[in-house]
Amino acid sequence: MAIRREGDHWLWVGGPVPPGAAAITIGRLVSVRRRSAGNLHLLRHEAEHVRQYAERGLVGFLATYLGSYLRLRLRGWSHWAAYRRIPLEIDAEWRARTGD
């Protein structure tokens, strides 16, 4: 496992990642599966989550992210459908695609 500095955050290649995910970001730490470490789109997406954490703080980010997910699940969306509709995920995906 390698941890290295990437601008304003740390990248942990081969670190812990939830089942079914390629990466996870917590604060300024991005943990990515080895097979996904070269995926620039994914790394831009996760870097946007680093920015979101910096903007909202740990508690603010988690409250917004998890609150959105739970509201969507309570409305009947499946796990993946709810995940794709979390506003912070939509924003991270948009910025990863557009480079904004």
Side-chain angles (χ1 to χ4, degrees):
M1 292 184 282
I3 299 176
R4 66 178 185 261
R5 186 80 172 165
E6 293 286 327
D8 63 349
H9 63 278
W10 294 92
L11 180 64
W12 186 357
V13 176
V17 175
I24 187 169
T25 298
I26 300 174
R28 295 190 178 278
L29 176 65
V30 176
S31 182
V32 62
R33 293 189 190 280
R34 287 186 194 283
R35 70 175 179 262
S36 300
N39 183 330
L40 297 180
H41 177 87
L42 174 66
L43 296 176
R44 284 193 301 268
H45 178 104
E46 298 304 323
E48 176 57 20
H49 285 318
V50 170
R51 189 196 66 74
Q52 292 167 344
Y53 269 105
E55 183 178 273
R56 297 170 181 269
L58 180 67
V59 173
F61 177 91
L62 292 175
T64 301
Y65 192 99
L66 296 175
S68 297
Y69 175 78
L70 289 173
R71 277 190 298 281
L72 289 160
R73 292 289 286 154
L74 289 171
R75 291 181 186 153
W77 294 100
S78 70
H79 164 71
W80 286 111
Y83 166 78
R84 288 184 192 102
R85 287 168 176 80
I86 296 170
L88 293 173
E89 283 296 331
I90 293 169
D91 187 48
E93 188 59 22
W94 174 258
R95 289 179 186 255
R97 287 180 187 212
T98 63
D100 288 348

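Throughout, numbering of the chain's residues begins at 1 and tracks the sequence.
- Applying the side chain to side chain contact (heavy atoms under 4.5 Å, CB included) test to A81 and every residue at least two apart in sequence or in another chain returns W77, S78, R85.
- In this view, R84 satisfies the salt bridge (Lys or Arg N to Asp or Glu O under 4.0 Å) rule with no residue, not counting sequence neighbours.
- Here the closest non-hydrogen pair linking L42 and V32 is CD2-CG2, 3.9 Å.
- In terms of the side chain to side chain contact (heavy atoms under 4.5 Å, CB included) criterion, residue partners of R4 (sequence neighbours excluded) are, by chain and number, E6, L11, V13.
- Residues L88 and L74 fall into different hydrophobic clusters, defined by Ile, Leu, Val, Met, Phe, Trp and Tyr side chains chained together at heavy-atom separations under 4.5 Å.
- Once rounded to the nearest 0.5 Å, the distance linking CG of D8 with OH of Y53 reads 14.0 Å.
- Nearest heavy atom pair, residue H49 against residue A92, reads CE1-CB, 3.6 Å.
- The two residues Y83 and Y65 have their closest heavy-atom pair at CE1-OH, 3.3 Å.
- Partners of E93 according to the side chain to side chain donor-acceptor pair (under 3.5 Å) rule, which considers only residues two or more places apart in sequence or in another chain, are H41, H45, R97.
- Applying the side chain to side chain donor-acceptor pair (under 3.5 Å) rule to pairs touching residues 20-31 yields T25-E46, sequence neighbours excluded.
- Considering every non-hydrogen atom in both P16 and I24, the closest pair reads O-CG2, 3.7 Å.
- Side chains of D91 and R51 form a contact here, defined as non-hydrogen atoms less than 4.5 Å apart.
- Separating the CG atom in L66 from the CD1 atom in I86 is a distance of 7.5 Å, to the nearest 0.5 Å.
- Residues E55 and F61 have side chains not in contact (no heavy-atom distance under 4.5 Å, counting atoms from C-beta outward).
- The salt bridge (Lys or Arg N to Asp or Glu O under 4.0 Å) test applied to R75 returns no partner, not counting sequence neighbours.
- Hydrophobic clustering (ILVMFWY, side-chain heavy atoms < 4.5 Å, transitive): W80 and L70 are in one cluster.
- Shown here for R33 and A21, the closest heavy-atom pair between the two residues is NE-O, 2.6 Å.
- For R35, the CZ atom sits in a loose shell: 12 or fewer heavy atoms of surrounding residues, nucleotides or ligands are nearer than 6.0 Å.
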